[in-house]
Enquirer: 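Have a look at the structure that comes next, please.
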Amino acid sequence: MAAESTKTLVIVESPTKATKIAGYLGDDYIVESSRGHISDLPTNASSVPAKYKGEKWARLGVDVDHDFEAIYVVPPEKKPTITSLKQALAEADELLLATDGDREGEAIAWHLQRQLKPKVPTRRMVFHEITESAIRESLTQLRDLDMDLVDAQETRRILDRLYGFEVSPVLWRKMTQNLSAGRVQSVATRLVVDRERERIAFRSAAYWDLAAQLDAGAEAEPRSFRSRVTEIGDHRIAQGRDFDARGQLTASGSAPVIALDETAANTIADSIRAADLSVKQVESKPYTRRPYAPFRTTTMQQEAGRKLGFSAQRAMSVAQDLYEGGYITYMRTDSVQLSNSAITAARAQVKQLFGDSYLPKSPRVYTSKVKNAQEAHEAIRPAGDTFRTPAQTGLNGDAFRLYELIWMRTVASQMADAVGETVTVRIQADLPGSVTVTSPAAQVTADTAQLVASGRTITFHGFLKAYVESVDDGASDDQQTRLPQLSQGQALSAEEVIAAGHETRPPARYTEPSLVAKLEELEIGRPSTYASILRTITARDYVFKRGAALVPTWLAFAVTRLLEEHFTQLVDYDFTAKLEQTLDLVAGGNAERVRVLSDFYFGDGDAEGLKELTTELGDIDARKISTFGIGDLDSGLTVRVGRYGTIVEQAPEGDGEGKRAAVPDDLPPDELTVEKAKELLARPMGEERELGLHPDTHRPIVARSGRFGPYVTEVLAEDAPKGTKPRTGSLFSSMDLDTIDLDTALKLLSLPRTVGELDGETVTAQNGRYGPYLKKGSDSRSLETEEQIFTVTIDQAKAIYDQPKRRGRAAAKPPLKELGNDPNTEKPMVVKDGRFGPYVTDGETMASLRRGDDVETITPERGAELLAEKRAKGPAKKAAKKAPAKKAAAKKSTAKKTTAKKTAKKAPAKKTAAKKTTAKKATSSSSSGS
DNA sequence: CAGTGAGCGAGCTTCCGCTTGACTT
């Protein structure tokens, strides 16, 4: 009943944006934000709405049998957003959906309309820069939702869901639990694996080359300069780039090439020292260099990494703070465009800081090189219509450093070209006599050699005065090499001739920024996801970092091979690029969502669909896929990824036994050479420790880590009769492999301990699969603690046996909670604690509490619901379970171990600390101006 | 990968892209 005035509700994606736009639009507008997507496919089984739970496809959240209809749910953390948007809408008589102007933004607008169900006129509003004029302009160009664009987004979303949720379970079955596959992560992993394969296959080549320090005479400035010896006779001297990855010389160019060894290089060096040197040719060319484009997400991450040492995550987190503090524009962007007002601001600053000569006549315009760029935002630049210098911001620490970087890059992008000159000088060496050098592939006899010196001078630095991009190797753009003025025929003398040996190096591993750059080039992933892609492949143990380098695990090798062999097209480097083309067709109304998804999922005649690929797994031989040869084929050495980790194996020789040993988790695959494998095999149990000799048998007692945890055992003599099994004893949980001593080990090996006699039978105490227990004939009872194995007396044992067995300790525990009678069965429901955590039971049916359920807060209604659900699907399972019962049981125990290991590993990843400090600084900016 | 006894419920993991919180130390 807001009678007095009419209001328009504008919804954008980001709260920061909302605040800014509200200032431009004035009091007739309420501006709110959705904070990204507000609804999505259900993330897991528990978030699937009850009415779909019985459906076969509920697991996917997509009804694959009926036009790929999607179930959309509002995640719990989004409910407050929806509520407040609805409240704002109640005050408004018009709704403008002003989410980003790209595929995802259009979809968010559509989801907003679905969830808010507006009764007032609703239009779509799109602007590409946050300036008052751009926003005023967009108000005059309102439109309806573009349903084709929404369809394109939904196609993308559903395809990703089908890929991820159908292929991941294949990995669980064939490899290990908790693995994952997806359109983006699987290709990212494959890139890292492929690079490691190249490194493993790489064969280094050794070669020598020659450098000469030359003297141009007393008047020359500089008098001395460096040159390379490039030719001997008519043969070019090989450099690193003349060798291929197999270490072979490649025939490139017209001149024949010779690779020098040490002897040959020294022969030539001696000869040049005594040669007459003269300038043969001087060639100079003008040099100009245009500034770099302003930052987008990937280039900012790379430069923040190289210049400031930030990880991708760190760069984004600091940038987020700068954005929220109003210092920079949006940091997740693939655009390099600057708004007109930004160009004006940058040019003004160029003039002020560097002067007119550094300002090009007309503004520079940058267009995106990113092929699938969505261009919903500007480049990353200082915010506002005038740029604050870093000092004027009052920032400090990481925020200051990143702002400074962004500011300089933006200003530099509107500066003049760098101008200079490059000079190439060719020098002839007339050798004192003819020289003959030989290499395996060639023999050369020559009486001349050629040297080359290159120089670069920069006469006007232009933008380089403000910003020079860092390089991983090679020369940076502002590096200068000065040569003296030289003229043809001029005589020179050699100060020094140096022969040096080199080896070709394998291709470098990816780093975080270089992998992200590669993904961007392949159009895989989006600015908002680059940082999380790295997090995902690290969390899955596909990749780990060694320094800055990303190293794949053998697990990644195995998973990648499985995907390459059985889902070939899905991990094709072009898969996403092709998908983007198809999505463009959908967005343009030239292809249909259902058809695209159907072809993908059910196949399109020629190609098999995903469904078939993920159902017919019979021909996937997991063991074969997980086994890799080491060195040559006949080395007999293999590395295998198993559920217990990665091991090297040596094939049995003759009728001997094969050997195996664990491979350390942090050993890069390319370092697992034949030698390394043999070294590992030489001490089969990595953590084995000898504790001493058994006093009776004089055999060594060792402590090892095994399949069921740490244990001690006796090493049998070589000549022990075949089939003799050594005694073993598991360590108590209170003991440690590193500290256990011989006495304790002997006590463990002496088990079972005889406690005494009871009812004419011997009672023993020992450790077992389910923990410590007593045994009397076939009657066994659990003990409370492991220590009791050594301490329990016969009287105490008698007391334990006097208790009835069936209702032992487990049942003596009271239920955690009583829920009253089940309305369906009228039986009392209780919550109990079991092997798999808390569960509810009515004495007949049992059902685990689900995610989100809590023992404290669970209601009788929920208990009854869980039981009813369980009863509904109970019987179907029993029949299917029978056959593989044994396997399943074995799987379980191991699965638990790997999960435990994983979660422990994951734990340290947190990223909160820095946020607060920078935010604080942002608020105290007024005090320090420059 | 060592090999020890019983008897009791499994359910869940996973994708990619938009965005910011609010648990704790």
Side-chain angles (χ1 to χ4, degrees), chain A residues 13-17 33-38 40-41 43-46 59-61 77-78 80-81 99-100 102-105 107-108 111 153 156-169 171-172 177-186 320 324 332 376 525-529 532-533 536 540 642 644-645 647 660-662 684-685 704-709 711-713 725-730 751-752 766-771 773 775 778-782 805-806 808 810 832 834-837 839-841 845-851 870 874 877 892 895 899 910 912-913:
Chain A
E13 287 181 42
S14 145
T16 311
K17 215 176 185 180
S33 63
S34 73
R35 292 151 208 270
H37 276 288
I38 46 127
D40 189 16
L41 300 174
T43 54
N44 53 28
S46 64
R59 185 177 64 80
L60 300 169
E77 70 272 17
K78 284 292 179 186
T81 306
T99 47
D100 294 349
D102 58 8
R103 201 163 65 207
E104 295 295 329
I108 293 174
H111 280 284
Q153 190 275 347
R156 197 279 306 155
R157 178 68 189 93
I158 292 173
L159 186 141
D160 280 334
R161 167 54 63 91
L162 296 173
Y163 185 148
F165 275 38
E166 292 287 27
V167 180
S168 297
L171 298 180
W172 305 340
Q177 305 279 309
N178 299 316
L179 297 180
S180 63
R183 175 174 58 81
V184 171
Q185 60 168 291
S186 293
Q320 174 95 29
E324 287 172 9
R332 291 188 275 265
R526 304 280 316 140
S528 62
T529 62
S532 63
I533 294 167
T536 300
R540 298 274 171 276
Y644 316 113
I647 53 170
R660 45 176 51 173
M685 287 300 164
R704 288 177 183 160
S705 181
R707 162 85 169 71
F708 307 111
Y711 69 105
V712 290
T713 187
K725 291 205 169 156
R727 281 182 298 169
T728 62
S730 279
L751 294 176
Q766 58 223 283
N767 222 343
R769 213 172 125 199
Y770 308 103
Y773 70 105
K775 192 174 169 186
S778 60
D779 192 4
S780 62
R781 298 293 158 90
S782 284
K805 176 173 178 154
R806 303 266 302 153
K832 289 184 174 179
R835 255 204 310 160
F836 304 114
Y839 64 99
V840 57
T841 177
T845 313
M846 314 187 191
S848 281
L849 298 200
R850 308 287 177 77
R851 246 193 183 196
K870 177 69 186 162
K877 230 171 176 178
K892 264 176 216 165
T899 342
K910 282 230 167 175
T912 46

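Remember, it's a predicted structure, so these values are computed and weren't measured experimentally. All chains are named by letter (A, B, ...) in the order of the sequence lines, taking the proteins before the strands, and each is independently numbered beginning at 1.
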Enquirer: Under 4.0 Å between any heavy atoms, over every strand shown, what does T536(A) touch: base, sugar-phosphate, or nothing? Just pick one.
Expert: sugar-phosphate

Enquirer: Would you name the heavy atoms of K78(A) and I38(A) that are closest together and state the gap between them?
Expert: CB-O, 3.9 Å

Enquirer: Using the side-chain heavy atoms of S168(A), tell me which of these nucleotides is nearest: dC18(B), dC16(B), dC15(B).
Expert: dC15(B)

Enquirer: Quick one, V184(A) and T529(A) - any side-chain contact, counting heavy atoms below 4.5 Å?
Expert: no

Enquirer: Under 4.0 Å, counting only non-hydrogen atoms across every strand here, what does R183(A) touch: a base, just sugar-phosphate, or nothing?
Expert: sugar-phosphate

Enquirer: Tell me, do S168(A) and S180(A) make a side-chain contact under 4.5 Å, heavy atoms counted?
Expert: yes

Enquirer: In terms of side-chain heavy atoms of Q185(A), which of dT19(B), dC1(B), dC16(B) is nearest?
Expert: dC16(B)

Enquirer: So, do D40(A) and H111(A) sit near enough that their side-chain heavy atoms are less than 4.5 Å apart?
Expert: no

Enquirer: Heavy atoms under 4.0 Å, any strand shown: does Y773(A) hit a base, just sugar-phosphate, or nothing?
Expert: base

Enquirer: Taking 4.0 Å as the cut-off, does a side-chain nitrogen or oxygen of R103(A) come that near to OP1 or OP2 on dC16(B)?
Expert: no

Enquirer: Is the distance from OP1 or OP2 of dG11(B) to the nearest side-chain N or O of S46(A) less than 4.0 Å?
Expert: no

Enquirer: Just call it for G525(A): base, sugar-phosphate, or nothing, with non-hydrogen atoms closer than 4.0 Å on any strand.
Expert: sugar-phosphate

Enquirer: Has Y711(A) got its ring stacked on the base of dA2(B), with centres under 5.5 Å and planes less than 30° apart?
Expert: yes

Enquirer: Would the base of dC15(B) count as contacting R157(A) through its side chain, where contact means a donor and an acceptor less than 3.5 Å apart?
Expert: yes

Enquirer: Please determine whether side-chain contact (heavy atoms from CB on, under 4.5 Å) holds for the pair H37(A) and R157(A), giving the CA-CA distance in whole Å, both sets of side-chain angles, and the decisive distance to 0.1 Å.
Expert: CA-CA 12 Å; H37(A) 276 288; R157(A) 178 68 189 93; over 6 Å; no

Enquirer: Between dT19(B) atom P and H111(A) atom NE2, what is the distance in whole Å?
Expert: 15 Å

Enquirer: Nearest whole angstrom, please: distance from the C1' of dC15(B) to the NE2 of H37(A).
Expert: 14 Å

Enquirer: Starting the side chain at C-beta, find the nucleotide from dC18(B), dA2(B), dT14(B) nearest to F165(A).
Expert: dT14(B)

Enquirer: In whole Å, I'd like the distance from the CG atom of N44(A) to the C1' atom of dG11(B).
Expert: 11 Å

Enquirer: Applying side-chain contact (heavy atoms from CB on, under 4.5 Å), run through V712(A) and T728(A) and close with a yes or a no.
Expert: CA-CA 6 Å; V712(A) 290; T728(A) 62; over 6 Å; no

Enquirer: Check whether any side-chain heavy atom of R59(A) lies under 4.5 Å from a side-chain heavy atom of P169(A), and answer yes or no.
Expert: yes

Enquirer: The side chain of T16(A) lies closest to which of these nucleotides: dC1(B), dC18(B), dT20(B)?
Expert: dT20(B)

Enquirer: Which part of the nucleic acid does G36(A) contact within heavy-atom distance under 4.0 Å: base, sugar-phosphate only, or nothing?
Expert: base

Enquirer: Using a heavy-atom cut-off of 4.0 Å across all strands, would you classify P15(A) as base, sugar-phosphate, or nothing?
Expert: sugar-phosphate

Enquirer: Rounded to the nearest Å, what distance is computed from the CD1 atom of residue I533(A) to the C1' atom of nucleotide dC18(B)?
Expert: 14 Å

Enquirer: Below 4.5 Å, heavy atoms only, C-beta onward: do R35(A) and E77(A) meet side chain to side chain?
Expert: no

Enquirer: Nearest of dC15(B), dG21(B), dT19(B) to any side-chain atom of R161(A)?
Expert: dC15(B)

Enquirer: Taking the side chain as everything from C-beta on, heavy atoms only, tell me whether E104(A) gets closer than 4.5 Å to D100(A).
Expert: no

Enquirer: Is the distance from OP1 or OP2 of dT19(B) to the nearest side-chain N or O of S14(A) less than 4.0 Å?
Expert: no

Enquirer: Just how far, in rounded Å, is C1' of dC15(B) from OH of Y163(A)?
Expert: 10 Å

Enquirer: To the nearest angstrom, how far is N767(A) atom CG from dA2(B) atom P?
Expert: 19 Å

Enquirer: Rounded to whole angstroms, how far apart are CD on E324(A) and C1' on dA22(B)?
Expert: 14 Å

Enquirer: State which of dC15(B), dT13(B), dT19(B) makes the closest approach to the side chain of R332(A).
Expert: dT19(B)

Enquirer: Rounding to a whole Å, what distance do you find between I108(A):CD1 and dT19(B):P?
Expert: 7 Å

Enquirer: Just compare dT20(B), dT14(B), dA2(B) and give me whichever is closest to any side-chain atom of T728(A).
Expert: dA2(B)

Enquirer: Looking at dC12(B), dT20(B), dT14(B), which one has an atom nearest to any side-chain atom of Q177(A)?
Expert: dC12(B)

Enquirer: Find the distance between CD1 (I158(A)) and CZ (F165(A)) and round it off to the nearest 0.5 Å.
Expert: 13.0 Å

Enquirer: Give a yes/no on whether any side-chain N or O of N178(A) is located under 4.0 angstrom from OP1 or OP2 of dT14(B).
Expert: no

Enquirer: Between dC16(B), dC12(B), dC1(B), spot the one nearest the side chain of V184(A), thanks.
Expert: dC16(B)

Enquirer: Using only heavy-atom distances, decide whether a donor-acceptor pair under 3.5 angstrom links the side-chain of R35(A) to the base of dC18(B).
Expert: no

Enquirer: When you measure from the side chain of D40(A), which nucleotide among dC16(B), dT14(B), dA2(B) comes out closest?
Expert: dC16(B)

Enquirer: Categorize A107(A) for me: base, sugar-phosphate, or nothing, with a 4.0 angstrom heavy-atom threshold over every strand shown.
Expert: nothing

Enquirer: Counting runs of three or more consecutive pairs, Watson-Crick or G-U wobble, with each distance below 3.5 Å, where are the stems of DNA chain B?
Expert: none

Enquirer: Describe the nucleic acid contact of D100(A) in one word from base, sugar-phosphate, nothing, applying a heavy-atom distance below 4.0 Å.
Expert: sugar-phosphate

Enquirer: Could you pick out which residue, D160(A) or K775(A), lies toward the 5' side of DNA chain B when each is mapped onto its nearest nucleotide?
Expert: K775(A)

